[in-house]
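First up is the structure itself, then whatever we jot down about it.
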Amino acid sequence: MESRFEQDLSLRSKPVKELTLNEARQEAEKLRREIEYHNYRYYVLNAPVISDAEYDELFRRLVEIEERFPELVTPDSPTQRVGAPPAEEFGAVTHRLPMLSLDNAFNEDELRAFDERVKRMLGLSPSTSVEYVCELKLDGLAVNLTYENGVFVRGATRGDGITGEDVTANLRTVRSIPLRMLIDDPPPFIEVRGEVFMTVRDFELLNRQRVERGEQPFMNPRNAAAGSVRQLDPKVTAERRLDIFCYGVGHVEGISFETHWQALEFLKRAGFKVNPDNRLCCGIDEVIQHCIDWTERRHEIPYPADGMVIKVNQIRYQELLGTTAHHPRWAIAYKFPAEQKTTLLKDIIVQVGRTGALTPVAVLEPVEVDGVVITSATLHNEDQIRRLDVRIGDTVIVQRAGGVIPEIVGVVKERRTGDEREFTMPKRCPVCGGEVYKPPDEVVARCINPTCPAKLENWLKHWCSRDAMNIEHIGPKLIKQLVDRGMVSDPADLYALTRWQLMGLERMGEKSAENVISEIEKSKTASLDRLIFALGIRHVGARTARILSEHFGSLERLSEASLEELMNIPEIGPETARSIYDYFRMESTRELLEKLRKYGVRPSAVEKVAAPVESPFVGKTVVFTGELDSYTRSEAEALVQQYGGKVASSVSRSTDLVVVGRNPGSKYQRALELGIRTINEEEFLEMVKQAKGTMGE
Ligand code: JCF
């Protein structure tokens, strides 16, 4: 291999200023190939064949030539990895082939079920052994690298799977991404898929550095990698030690593969970094054993990996299996079981929420679980504490529920010394000292002081939140100041704030104050459903608020509704109806509404736009299950309604369409049973686009 890069010293020894343009062109081209090859030896294979000094010498010579002949600089020159100017924002890139996410399996049974499904759909006998490729599943940022005639022309984040962000300049700085494929006959077009990541070691180094500089450390290696790739200034990305493993191809022209393994071999040959621990397994038993082995060794993996990706090897089989809503049917991600750790429970504190609910929270000796340092965990309520029999001073077992929210799952009673203290729920609110009341049939205790500052702070946060009045620039710190200084005692008071008052607060200049005021002003005409949701009536979420606003059309009419009328609205249960009815009978509610009116809050009625008959949602009843990447649930529901459809919360025979997002629930199953049409997020977005088109938007 090295022979390809034998050095022609006669050319090299010539001073750059004596080179003709033609000589310079030839030498620059040669140097680029050499440098990229040594890059590959160093960053992809971890097996350099020249010293750093020799490498630097080559690089310097290329820089010198390019400086003398700037017209010779090419975008795939190694000198161009750094130095691109900061971007204003990232452009959008539509992937030629969508980047799907993977379905999950959490245990051996689910892996076997996957194997059985594969064989059933392929018409293979249950005793056949299907070939699978196993790849450690990286927890980083998925990217799509496009090469045209072997040259790296575009790098994009996964985004919503259809469209991502153009991060080409940033990805160029990742040394293990080839700027040019190392083969002589590159395909005219290929999308290479991979996961950009940061090793655990580099992550720790970076965080130490950030803390020293007084910067916020990253939560985990995944966030560090994602944050680094999504930097507007490529110089910052270049300073982060990012790496990549490539795991597949997207749209390809000019070559084809018979197996996934062949595709991986091709990528390796072309100079891409492919995980050396990938393994070809014959039959599901071998796959399962491989998963078990790696689950035991997971702590030895130097990069963040949260499971194993299992793929059907034969491309022909992959094509026959096709894809579902969001996932290929030919692949599955086995997730390592949630990591559990033990730590000391130092104290139990009580937080007060918007509704006055008192939530006990465990204060923990910091402990790292799945790569994240945990310092507290919710205990939900007093019942939960009794169930776990957890006491202050206990050694407890913690895990991250669904990989995110830390929770306590048990107590190591053997470690008790007798000094542990039992926790009792305070009889008075820990924030305002107000009375606490727990209805006999409920598990949650609440502070019933209507002017409790903790309640007020959380109510204001809710009021300003995205699905409610959507008031930007009012964060928790500002809210705390407003409450502490007595400047607001309910959300209506926000509308009486002046620029001058705000400018008296910490970290609030004239411009910020103006922004806040104009945001507040804007929210005066927020739609009625937002206002109803913002009120924070118990059991009234964004969807119920929408139903109420459409049914009543104004706050006045809603506030006068009889209990019977509320109960008669389909989709509103008796408990919710009662809660709404009671809410509008309270003196404090009347006062609040009066104040809002006085300050000019005039919600715009939710227009029931007469959707044209062409909108694909007209007359359709739509149900959502699972999470969408592009919209929150309430936003998606609002879109359906805006374009003439109805949203229901459960699947029945009268459902026309089920939109299936990530991690769908039983509604998906039910839709399949009833033979109701299911669509994925892409198809949903397509329908929305069509609907928008018909409305001339
Ligand atoms: O390592 C990963 N996070 C990873 C993600 C690996 C793969 O082979 C993947 C993937 C997502 C989708 N393959 C597909 C098809």
Side-chain angles (χ1 to χ4, degrees), residues 95-105 111 114 118 131-145 156-162 164 174 176-177 190-200 220-226 229 242-252 257 259-268 272-281 287 290-291 294-295 298 301-315 317-319 321-336 370-371 403 629 662-663 680-682:
H95 311 305
R96 287 288 292 272
L97 202 69
M99 294 180 78
L100 299 177
S101 57
L102 297 167
D103 204 358
N104 292 319
L111 284 174
F114 165 71
V118 164
E131 263 182 12
Y132 293 107
V133 176
C134 295
E135 309 163 0
L136 278 166
K137 183 170 179 296
L138 286 148
D139 198 10
L141 184 76
V143 295
N144 188 23
L145 312 173
T157 61
R158 174 177 180 274
D160 63 5
I162 307 296
V174 178
S176 43
I177 294 178
I190 186 169
E191 287 181 324
V192 176
R193 269 79 196 269
E195 192 90 358
V196 172
F197 64 94
M198 196 179 280
T199 63
V200 177
N220 52 44
R222 202 207 95 78
N223 287 1
V229 171
L242 294 169
D243 205 342
I244 191 170
F245 274 134
C246 295
Y247 57 70
V249 296
H251 180 72
V252 187
F257 308 104
T259 63
H260 179 56
W261 193 258
Q262 272 180 9
L264 295 175
E265 288 295 320
F266 167 80
L267 290 179
K268 265 192 248 178
F272 293 92
K273 191 156 174 172
V274 176
N275 195 332
D277 286 317
N278 289 345
R279 158 95 173 257
L280 185 58
C281 289
V287 169
H290 190 66
C291 289
W294 277 101
T295 303
R298 62 185 292 193
I301 307 173
Y303 45 83
D306 59 356
M308 189 73 73
V309 179
I310 295 129
K311 293 179 174 171
V312 170
N313 190 31
Q314 294 293 331
I315 303 289
Y317 284 172
Q318 291 189 0
E319 286 165 357
L321 290 162
T323 67
T324 66
H326 256 263
H327 320 294
R329 284 201 197 85
W330 42 266
I332 198 155
Y334 167 74
K335 289 303 213 35
F336 292 143
D370 287 331
D629 291 319
R662 241 180 312 119
N663 303 321
N680 60 20
E681 180 164 0
E682 296 149 46

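Order of appearance sets the numbers: ligands from 1, and atoms from 1 within every ligand. Along the sequence shown, residues carry numbers from 1.
Note: L136 CG to Y247 OH = 14.0 Å, rounded to the nearest 0.5 Å.
A distance of 6.0 Å or more separates the ring centres of Y334 and F114.
Under the side chain to side chain donor-acceptor pair (under 3.5 Å) rule, N144 has a single partner from R158, R193, R96, which is R193. Each of H260, Q318, E131, Q262 was checked for a side chain to side chain donor-acceptor pair (under 3.5 Å) with N313, and the lone residue meeting it is E131.
Contact detail for P328 and T323: the closest heavy-atom pair is CA-CG2, 3.8 Å.
A donor-acceptor contact shorter than 3.5 Å links the side chain of R329 to the backbone of L321.
For ligand 1, residues of the protein lying within 4.0 angstrom by heavy-atom distance are L100, L102, E135, L136, K137, L138, E195, Y247, V309, K311.
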